[in-house]
Amino acid sequence: MSTSGHKLNRVAVFCGANAGTRPEYLQSANEVGQELVKRKIGLVYGGGSVGMMGAVAQTVDSGLGEGGVIGVIPHDLMPREMSGAPIGDLRVVDTMHQRKAQMSDLSDAFIALPGGFGTLEELLEIVTWNQIGLIVKPVGVLNVAGYFDHLLKFFDHAVQEVRQSCNPLASPVL
């Protein structure tokens, strides 16, 4: 995984704090974690220890050890998204906006896996920041079992209907 010949040091992964309804979702979180370990790329994630979020973090933490995982979580979400000890270097912030800003600052690229409205909101904010030039970092979605089919279709529709300059995930996509 590289961006225009530059090595990726850390990738932010947006995903659900639960396992979802299909076993493929949790499996994909583990596989993304394994791929990051294989390529020696650190993980930045939402800081939770449960669901897909916990699975990807645990996999990377087990494979890369100290310094391989940075979690960023708003204080208010800790009771809901954490069970047991934190995974990696856990940074607690006050707001969701601070979470996204810190995750962006710490990451070289972004990948979205299946998740709920929080995952979608994080993905779209990062896409927007890229589109308006606040950041220039690759964003990709892992379309597990067609999970993002309708969203990707919507992106194409929006490009045609409101003459967006480009599909936000068309370039570059991991």
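Small disclaimer: the values here were computed from a predicted structure and weren't measured.
The distance from the CD1 atom of Ile87 to the CD atom of Gln58 is 4.5 Å, given to the nearest 0.5 Å. Atom NZ of Lys40 is separated from atom CG of Leu8 by 15.0 Å, given to the nearest 0.5 angstrom. We find the OG1-CD distance between Thr128 and Glu121 to be 9.5 Å, quoted to the nearest 0.5 Å. Interatomic distance, Leu90 CG to Met78 CE, rounded to the nearest 0.5 Å: 5.5 Å. The CZ atom of Arg10 sits 12.5 Å away from the CG atom of Leu36 when rounded to the nearest 0.5 Å. The line from CG of Leu64 to CD1 of Ile41 is 9.5 Å long, rounded to the nearest 0.5 Å.
Closest non-hydrogen pair, Gly68 versus Val60, comes out as O-CG1, 3.6 Å. When all heavy atoms of Asn143 and Phe148 are compared, the closest pair comes out as OD1-N, 2.6 Å. Of all the heavy atoms in Ala145 and Arg22, the pair that sits closest is CB-NH1, 3.4 Å. The two residues Leu113 and Cys15 come nearest to each other via the heavy atoms CB-CB, 3.7 Å. Between Phe110 and Ile126, the shortest heavy-atom contact is CD1-CG2, 3.5 Å. Residues Pro74 and Arg99 come closest through the heavy atom pair CD-NE, 3.6 Å.
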**Item:** Val44/Val11 under side-chain contact (heavy atoms from CB on, under 4.5 Å): CA gap, chis, key distance, verdict
**Value:** CA-CA 6 Å; Val44 177; Val11 171; over 6 Å; no
**Message:** Pair Glu66, Asp89 - check side-chain contact (heavy atoms from CB on, under 4.5 Å), show working.
**Reply:** CA-CA 8 Å; Glu66 190 172 336; Asp89 173 10; over 6 Å; no
**Prompt:** Checking side-chain contact (heavy atoms from CB on, under 4.5 Å) for the pair Ile70/Leu43: CA distance, chi angles, key distance, verdict?
**Reply:** CA-CA 6 Å; Ile70 300 173; Leu43 169 70; over 6 Å; no
**Request:** Please lay out, stage by stage, how Ile73 and Val92 fare under the test side-chain contact (heavy atoms from CB on, under 4.5 Å).
**Result:** CA-CA 5 Å; Ile73 189 166; Val92 180; 4.3 Å; yes
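Residues Ile111 and Val141 have side chains not in contact (no heavy-atom distance under 4.5 Å, counting atoms from C-beta outward). Looking at heavy atoms from C-beta onward, Ser104 lies in side-chain contact with Lys137 at the 4.5 angstrom threshold. In this structure, Met103 and Phe14 have side chains that are in contact, with non-hydrogen atoms separated by less than 4.5 Å. Using a 4.5 Å heavy-atom cutoff, the side chains of Val93 and Val72 are in contact.
Residues Val136 and Leu124 do not share a hydrophobic cluster, clusters being chains of Ile/Leu/Val/Met/Phe/Trp/Tyr side chains in contact below 4.5 Å.
Ion pair Glu122/Lys100 not flagged as a salt bridge, since none of the NZ, NE, NH1 or NH2 atoms sits closer than 4.0 Å to an Asp/Glu carboxylate oxygen.
Judged purely by atom type and a 3.5 angstrom limit, Asp108 uses its side chain to pair as donor or acceptor with the backbone of Asn9. A distance-only check finds a donor-acceptor pair linking the side chain of Gln98 to the backbone of Asp94 [under 3.5 Å]. Tyr25 places no side-chain N or O within 3.5 Å of a backbone atom of Ser28 that could act as its donor or acceptor partner.
Counting only N and O atoms by type, the side chains of Glu31 and Gln27 include a donor and acceptor under 3.5 Å apart.
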